[in-house]
**Q** 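Just dropping this structure here.
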Amino acid sequence: MANAITETVRLTIDGMSVSVPKGTLVIEAARRVGVMVPHFCYHPKLKPDANCRMCLVEVERMPKLQTSCSTVATEGMAVRTATTVVHNAHKSVLEFILANHPLDCPVCDQGGKCDLQDFSHQYTATSRFEETKRIFQKGYFSPLIETQMNRCVQCLRCVRYCDEVMDVKALAPVGRGTMTEIKSFGDHPLDCEFCGGCVQICPVGAIVSRLSMYEYRPWMLKRADTVCNFCGDGCQITVQTKDQQLIEVNSAQGAGRNSGDLCARGFFGFRATSHPSRVTHPLIRRNGALVEATWEDVLEFVAEQINRLKLAHGPQAFGGLISGRCTNEELYLFQKFMRLTIGTNNLDSSARYGHINGVQAMRLVQGTHRWTVTFEDIVQADVLLLVGTNITEANPITGLKVKEAVKKHGATLLTIEAIQPAIGTISNISNLSQQHLCIAPSQFGAAVLGLLKAVVEGNHVDNTIQQQAPDYVSAVSHAVQQLAWDDLAVSTGVPHESFVQMAASLAGGRRVVVLAGQTLLRSQGGYGICVNLLDLLLLTGKLTTEGCGFAPLAEENNDQGAIEMGAVAALLPGAHDLANADARAQITRAWKEDLPSTAGATLIEMIDRANAGIIKGLFVIGENPVGSLPPQTGVKEALGKLDLLVCQELFLTETAALAHVVLPAAPSMEKAGTFTNTEGHVQAVRPAIDPLGDSRPDWEILSAISVFTGVPLEYGESKEILKEIRAVIPGYGSLGPSPIPPAVNPMVVEQYVTDGYRRDLAGRYTLPSRTVRQEGTVELGLVQSLFHSGKLSTYSKGLLEVEPSGYLQMNPVDAARFGLTTGDRVRLSNRRGEFTTTAKVFDRVPEGLAWFPDHFAQDALRIFDCVVDPDTKVPSFRTVSVSVMKTT
Amino acid sequence: MLKHELILLKNMMQPGYTGSLQDYERAGGYQALRKVVGKAQPAEVTAMVMKSGLRGRGGAGFPTGVKWGFLPKGYQGPRYLCCNADESEPGTFKDRQLIERDPHQILEGIVLACYAIGAETAYIYIRGEFVLGARILEQAIAEARTAGYIGTNILGAGITANVWVHRGAGAYICGEETALLESLEGKRGLPRVKPPFPATHGLYNKPTVVNNIETLANLPHIIGRGPEWFASIGSPPKSTGTRVFCVSGHVKGPGNYEVPMGITFRELIYEQAGGMRSDKPLKAFIPGGASAPFLTPNHLDVKLDFESVAAAGSMLGSGGVTVMEEGTDMVWAALRLMEFFYHESCGKCSPCREGSSWLVQTMRRIVAKRGRMEDLETLVDLCKNIEGRTVCAFGDASVAPIMGTLKHWRPEYVALIQEAEAANLIKLEPAGRH
Amino acid sequence: MLAQRAASEGPRWTRAVRAPSIPSPWVGRQGNQMLKEKYQEEIDEIISRYPVKRSALIPLLYLAQRDEGFISEAAMKEIAGLLRLTPPQVYETATFYTMLNLKRVGKFHLQVCKSLMCALAGSDTVIGWVKTKLGIGPGETTSDGLFTLNAVECLAACGTAPMMQVNEDYYERLTEERFDKILADLKQDGTCSLKTGPFMWPEPAPAKPGA
C-alpha cells in the first residue's frame with residue numbers, strides 16, 4: 001500500500017491502452033489488459049532470464065522481436081502480441097523446444113497441467129524434427145522429488161527459484177548446450193529444504209513429486225482451498241484429492257499470505273493424518289485396556305462422569321487443555337464449554353508454551369494482541385531485527401519475506417540467533433545478515449540488554465519519547481547504566497563495538513520490524529525479553545511509526561487464534577482480561593449466562609492441582625502433555641490420578657494411552673473452520689475429504705458432550721460458531737485477502753510509560769544468570785526442525801523420508817573434542833537422568849551448544865528442568881547442561 | 001608488394017626483440033603513458049580515441065571512443081576494464097601473437113584505457129588454452145608494476161590501475177562480452193540480457209568496458225602519434241588504422257599480416273599470403289572468422305573494411321581470413337563449422353540450443369549421404385528462426401556457414417542429396433509425420 | 001610485498017610449467033591433503049584479486065586440477081567452503097568449461113584441433129596418425145595411461161595448422177616426422193623441444209641491407 005505517488009507510463013498492447021507503474025515489464029503490462037503472452041522461463045518472483053524466447057512480441061520502432069519478459073514498458077510504446085510474425089515466432093520456438101522433448105505425455109504427471117502441452121495445443125505445433133533426441137539417464141534424485149531430465153526445457157526456473165527466493169542453491173544446471181541437465185551435486189541425491197518450490201514452478205514434467213507419481217490426472221482431482229495446519233505462518237494451500245484420498249498439496253501462484261510458496265511440511269507433510277495408526281473409532285477403557293465403543297456409549301459415559309464429579313467436587317475440579325492446531329471455532333467452543341458447561345476458568349492451550357509471552361508483551365506495552373505490522377511490512381522494511389527466531393526452521397514463509405526484503409530490496413538484516421553463518425543444504429538466515437550476533441539461547445536477554453545500552457549511550461533515544469515520558473527514559477537509562485560492558489561481553493561473547501554498530505543500524509532505520517521467534521519465546525525469561533524489545537522500539541521512536549512494529553512468531557498454526565478465542569486461563573474471547581467488566585458483560589449477554597470469575601489454573605498449575613488431587617477431571621484436546629513436558633513436572637503421575645481423562649485425539653499418543661476415553665477427532669483436512677495466522681489474519685479452513693471412520697470435528701464432539709451433560713451448546717455447522725464469535729468480538733476477522741493490523745493504542749502506551757514499565761523493570765534489566773560451562777559438557781537445546789512440526793508431522797511418511805528420527809547436532813570443534821563423528825552413538829547425562837542418541841556433525845551449531853529436535857524428544861525430556869515464568873506462567877524447558885560421552 | 005608501415009607488429013618484427021620491458025622501452029614504449037597520465041584529462045584521452053575512429057577489433061567493430069562514452073557521468077564508485085583475450089573464433093590467432101610477443105604494448109594500452117574511463121582495476125580475461133600467453137602477461141605485469149606503470153601511484157601521479165590476468169577454462173561463448181563478465185564473476189558463461197549494457201551494469205553490476213586485445217594495443221600509438229595520424233591510415237572515415245589479419249587455409253604463407261584497412265582480399269591473399277598453396281584456383285574464402293558468411297571468388301576485390309564486407313553480404317568480423325581452394329567440399333566445410341557452434345552453444349536460449357543440435361544433425365545426415373530434399377527447406381527455415389531470436393549474437397553467427405554455403409553452393413547440397421536418393425539408403429515419409 | 005615477490009619469482013601457479021624439466025603437474029598427486037593447508041598463501045592471493053569471492057572459483061578449480069590431476073568432489077566441496085558457495089554452485093561452473101576435468105586424463109593429453117581451418121590443412125590426418133601409432137580414437141586413453149586423445153575446437157593456431165595442444169604446450173605445423181618425434185620425446189623425457197612459443201607467424205625475414 002504505497003502512499004507515495006508512483007510514476008506511471010502509458011503504452012498500448014494490441015491497440016489497448018494501459019497505464020502501468022514505471023518499471024513494469026511488458027509481459028506484466030499485457031496481463032493487465034488480459035493479454036497472456038506465452039512463456040516458460042518468466043515468473044513474477046524471479047529476475048527475468050529471457051532464455052526460452054517464447055514471449056517474443058513486436059515492439060514498434062524496434063527492428064527485432066523483443067522478449068516481453070525483459071523489456072520494460074516505456075511511455076508511448078506500441079506492442080503487438082498477435083501478429084502473424086509474432087505467431088510464427090512463437091510456433092518456431094515451440095518447435096525448437098519440442099525438438100528434444102520426449103513423447104512422454106501418456107506417462108508424465110504434468111499432463112493436463114503442462115504449459116508445453118497447453119501451448120502446443122494452442123499453436124497446433126508441429127515438429128519437423130526427425131533427428132535423434134538427446135537422452136539423459138534417469139537416476140534416483142531424492143526421496144521426495146524426482147527428475148526426468150529428458151523433459152526439461154531448460155528454463156532454469158527451478159534453479160533460479162532455489163537461488164533467488166529460497167537462498168538454498170541446491171539445484172545446478174550441469175553441462176553445456178543441449179546436454180544441460182539439472183542436478184544437485186555430482187551424482188549425489190538432492191539434499192535441500194524440500195520446499196517443493198521446484199516441483200511447483202517447473203512448467204513441464206521434468207521435476208515431479210514422488211509422493212503422488214503416476215497416481216492421477218489433474219482433471220480427476222477435487223480441489224479444496226484451505227490453510228496449512230503446521231506452523232503459524234498460515235499458508236494458503238490447495239489440497240487435491242481423488243476418491244477421498246489425499247493426492248497432492250500445492251499452492252496457487254501468488255495465493256495467500258505465502259504468495260504461493262510452501263515449505264516441506266506444507267508441501268510433503270499432508271499425509272500425516274492419513275497414517276494407518278489414526279484413531280478412527282471412539283475408545284473406552286474397560287478392565288484396564290482401551291477398547292472400541294460407540295459414540296453413544298462414550299458420550300454417555302463422559303457426561304455421566306462430568307455430572308458426577310461436578311456434583312461431588314464442584315466445577316474447579318475440572319481442567320481443559322486444547323491444541324493450537326484446532327480451528328478458531330473449536331477453540332471458542334472449548335472455552336465456552338469449560339466456562340459454561342463445566343463452569344471453570346481452568347483452561348489452557350498450546351499457546352502457553354511460548355506464544356503467549358509475545359502476545360502479553362504486546363498487550364502490556366501497545367495494547368494490541370495482534371501484530372501492528374504485516375508480512376508486507378517485513379518485505380518493505382529497511383531494517384529487520386531477528387531475535388531467537390530460527391526462522392528458516394520454525395516459520396519458513398516469514399523467513400521468505402525476510403529473504404525477499406534483504407535480497408530484493410536491500411534491507412539491513414540484524415540477527416541475534418543461536419546459529420553460525422555456515423552454508424549448508426538448507427538456507428541459513430544469518431548468511432544474509434549485515435550484522436549477526438551468535439548468542440546462546442540462555443543469553444538472548446543479555447544481548448538485548450546490550451543493544452538497549454548501546455542505544456541509550458549512543459544517543460539514539462528519540463526526542464519525542466524523551467519529552468513525553470522523561471521518567472520512563474531515565475529509569476531505563478539508569479537501568480542499563482548499571483550493566484557493565486565487560487559483563488555483557490562475558491555473557492554474550494560479543495564486544496562492545498558490535499552492539500554500538502547494531503544500535504546505530506537499528507536506530508538509523510525508517511521502517512524497522514523486530515521479529516521474535518520460538519527460540520526466544522519459549523526460553524526462560526522470554527516474556528521479559530519481549531517487553532525489552534518493545535522498549536527498544538519505543539525508545540528509538542519506532543513503535544508508533546508506520547511500517548515499524550514488533551512481530552512475535554507463532555509456532556503452531558492457530559496459537560494466535562487460541563489466544564484470541566480466550567482458550568487460555570486469564571483471557572476471554574477477544575483477548576480481554578478475565579476481569580475486564582465490559583468484555584464480561586458482552587459475553588454474558590451473548591451466552592445468556594454468567595461467566596465464572598475465579599481465576600483459572602494454567603497448564604502447569606493444572607498438572608500440579610491434578611497431582612494434589614484438586615483437579616479430578618481433565619479434557620485434553622489434541623494436546624500431549626505427557627509427551628511434551630519433562631517428567632520433572634510430574635505430568636504422568638498427575639494424569640494417572642485423575643478420575644476422568646478425556647482425550648480428543650488423532651493418534652494414540654502417550655497422553656491418550658492413559659485416558660479413560662479417547663474420542664476420535666478430525667484434523668483440519670477433514671473439517672471446516674478458520675485459522676488465525678501469526679499476523680492475526682483470519683483465513684478459511686475447508687475440508688478436503690470427509691472425516692475418516694467415525695472421527696468428528698472437535699467442535700462437534702464438544703457440542704455433543706455438552707448436550708449429553710444437559711448444558712447444551714448446540715451448533716449445526718461451524719459457520720454458526722463463527723457468527724457467534726463475531727457477535728461476541730465486535731469487528732472480528734473479515735476473511736479478506738490481507739490482514740488489517742490494529743494500530744498501537746496510544747492510551748496503553750501512555751499507561752505503560754507512566755506506570756506499567758515499573759512493575760518488573762529491575763528484573764527485566766538484570767543480566768540472566770550465567771554458569772561457566774564445565775569441561776565435558778555442552779548446553780543441550782531442543783530445537784525445531786524444518787521438516788517437522790510438533791509431533792503431528794512425525795506421522796507423515798513423506799517427511800519421515802527426509803528426517804526419520806532425531807539425532808544430536810553438534811559443532812565440528814566440539815565433536816572432535818568428544819571424539820564423535822556423524823553416526824556415532826552418544827550418551828547425554830546430567831543429575832536428572834540420561835539418554836542415548838546418534839550424533840551428527842553440523843557446522844552451523846555454535847560451539848558449546850548442541851541441538852536435539854523437539855519432535856523426537858519424548859525420551860530426551862527426562863533430563864530437562866522446567867521453569868515456569870512468574871508472569872505469564874510459560875513453562876520453559878528448552879536448554880539444559882549435559883555431559884557428553886561417546887558410547888556404543 | 002604492398003609497402004606500409006607496421007604499427008602493432010613493428011616491435012616484434014625487429015630481430016632480437018624479446019618483449020621484455022627493457023626492449024619495449026627501448027623501442028619507445030610507455031611514452032604515450034608518460035605523455036598523458038596526470039597531464040591530460042581523462043576526457044581528453046577519450047576524445048582522442050573517438051577522433052581516431054578506432055573500432056573494436058574483436059569482431060563487432062563498435063567505435064571504441066563511443067563505447068567509452070557510454071559510462072555514466074558523475075558516477076562515484078568502482079569501474080572496471082575487461083580485456084577480451086578469449087580469442088576463440090575459428091580462423092583467428094592475432095591476439096595470441098600480440099600477447100606472446102609484445103605484451104607491454106597491450107599493457108600500456110590497458111593503463112591508458114583505465115585512465116580514460118576511470119577504472120582502477122582491469123582484468124585480462126585470457127582463454128584457458130593460452131597457458132604460455134597468460135604466463136607471459138603475468139611476468140610483464142610484474143615488470144610493469146616494478147617500473148611504476150601499473151599499480152598505485154602510477155608514474156607518481158596518484159593514479160591507480162591494477163591489472164590481473166584471469167584465465168578462462170575453455171568456452172568460446174565467453175568471448176561474448178556479457179558472457180565474459182559472467183565467467184569473470186565465477187559463474188557459467190551465459191550471456192546476459194541486454195539492456196542493461198555493461199557500460200552501466202557490467203562486472204559485479206558496476207560500469208564496465210570490455211575491449212579486445214588488439215583494440216587496446218592500438219591505444220599507445222593513437223595517443224603517442226596522435227589521432228589524426230591514425231585516422232589517416234586505412235580507409236577513413238569509417239575504417240581507420242591497420243588491422244592484423246589472420247590468413248589460414250589453402251595459402252602458401254598462412255599467418256598474421258598487419259595491413260592498413262581498405263586493401264582488397266586479393267591483395268591480402270595473393271600478395272601478403274603468397275597466393276594459393278597448390279596454385280589451384282580459389283573456390284571460397286571466409287572474410288572474418290567462422291561467424292562470417294562465406295564469400296566467392298567474385299568478392300576478391302572487396303575491400304577489407306567494415307562497410308564493404310557488410311555490403312558484400314558478410315562481415316569483417318575478427319579478421320580471420322580462411323581460404324579454400326577448388327576441390328574443397330563446401331557442405332563438409334559448413335558442417336565442420338556447424339560442429340563447432342554445436343559444441344560451443346551455451347544452452348541458454350531455446351533457438352540456439354535446440355537449433356544448433358538440429359542443424360548439425362541434419363548436416364551430418366546430408367554429408368553422410370542420407371539427406372532428403374526437404375532438408376534444405378528445413379535448414380533455411382531453421383536458420384531464419386534462429387537469426388534475430390537469440391539472447392546474443394552467437395545464434396546469428398551459428399547459422400552463417402549454412403546460410404552462406406547454401407546461398408552460393410546450393411548445387412553441392414543438391415548433389416549429395418541426389419546421391420542419397422539414388423543409393424536409396426533411406427526411405428522415410430515426408431517431413432510432418434511425427 | 002606481493003608486487004616484489006611477483007616481480008622476482010613470477011606467479012606461483014605458473015612455476016610448474018616454467019622450465020621444461022619439470023614434469024607435468026599430474027604426476028604423483030594423491031590429493032589427500034586439504035587444498036587450504038597446502039596452498040594457503042596462493043589461495044589467499046587469488047581471492048584477494050577480486051572484490052567478490054566467487055570470481056576466484058575458476059582459478060581455484062585450476063589449482064585443484066593442478067594438484068590432483070582432475071577436480072575431485074572433495075576439492076569442489078572444499079572450494080565451496082572457501083568461497084561461501086554451495087557445492088552445486090561449484091559443480092555447475094566446473095561442468096560448463098571444457099578444460100576443467102572432472103575425471104582423470106592420461107599423462108599426456110593430446111588435444112588435436114578439428115575446426116575447419118585445421119581440417120583444411122589435414123587435422124583429420126593427424127587424428128588418423130594417433131589411431132595408427134597409439135591405437136586410440138577421440139575420447140580414449142592408451143592402456144598404459146600415458147596418452148589421452150581428444151579432438152577439440154579452435155585453439156587459435158589456424159595459420160600453423162595442423163596442430164595440437166599437449167597438456168599446456170602447443171605443437172604446430174605438424175608433419176608426420178615431427179609428430180613421431182613429439183611422441184617419442186614425450187614418452188622419454190616428458191617434454192619436447194618442438195613446442196612452440198612465444199608465437200609469431202610468419203617470422204620476419206632476416207634483415208636485408210637497404211630493405
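Chain letters run A, B, ... following the sequence lines, proteins first and then strands; every chain starts at 1.
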**Q** Pick one of side chain, backbone, both or neither for Thr98(C), based on which atoms fall under 4.5 Å of a heavy atom in chain A.
**A** both
**Q** Checking Leu85(C) against chain A: side chain, backbone, both or neither under 4.5 Å from a heavy atom?
**A** backbone
**Q** Applying side chain to side chain donor-acceptor pair (under 3.5 Å), run through Thr180(A) and Gln154(A) and close with a yes or a no.
**A** CA-CA 8 Å; Thr180(A) 309; Gln154(A) 278 131 27; 4.8 Å; no
**Q** Between Asp824(A) (side chain) and Ala839(A) (backbone), is there a donor-acceptor pair under 3.5 Å?
**A** no
**Q** Please test Ser505(A) against Thr412(A) for side chain to side chain donor-acceptor pair (under 3.5 Å), starting from the C-alpha separation and ending with a verdict.
**A** CA-CA 8 Å; Ser505(A) 300; Thr412(A) 301; over 6 Å; no
**Q** Looking only at side-chain N and O atoms, does Ser430(A) offer a donor or acceptor that is under 3.5 Å from a partner on Asn428(A)?
**A** yes
**Q** Only pairs of heavy atoms separated by less than 4.5 Å count here; which of Val174(A), Thr425(A), Asn431(A), Val168(A) has the most with chain C?
**A** Val174(A)
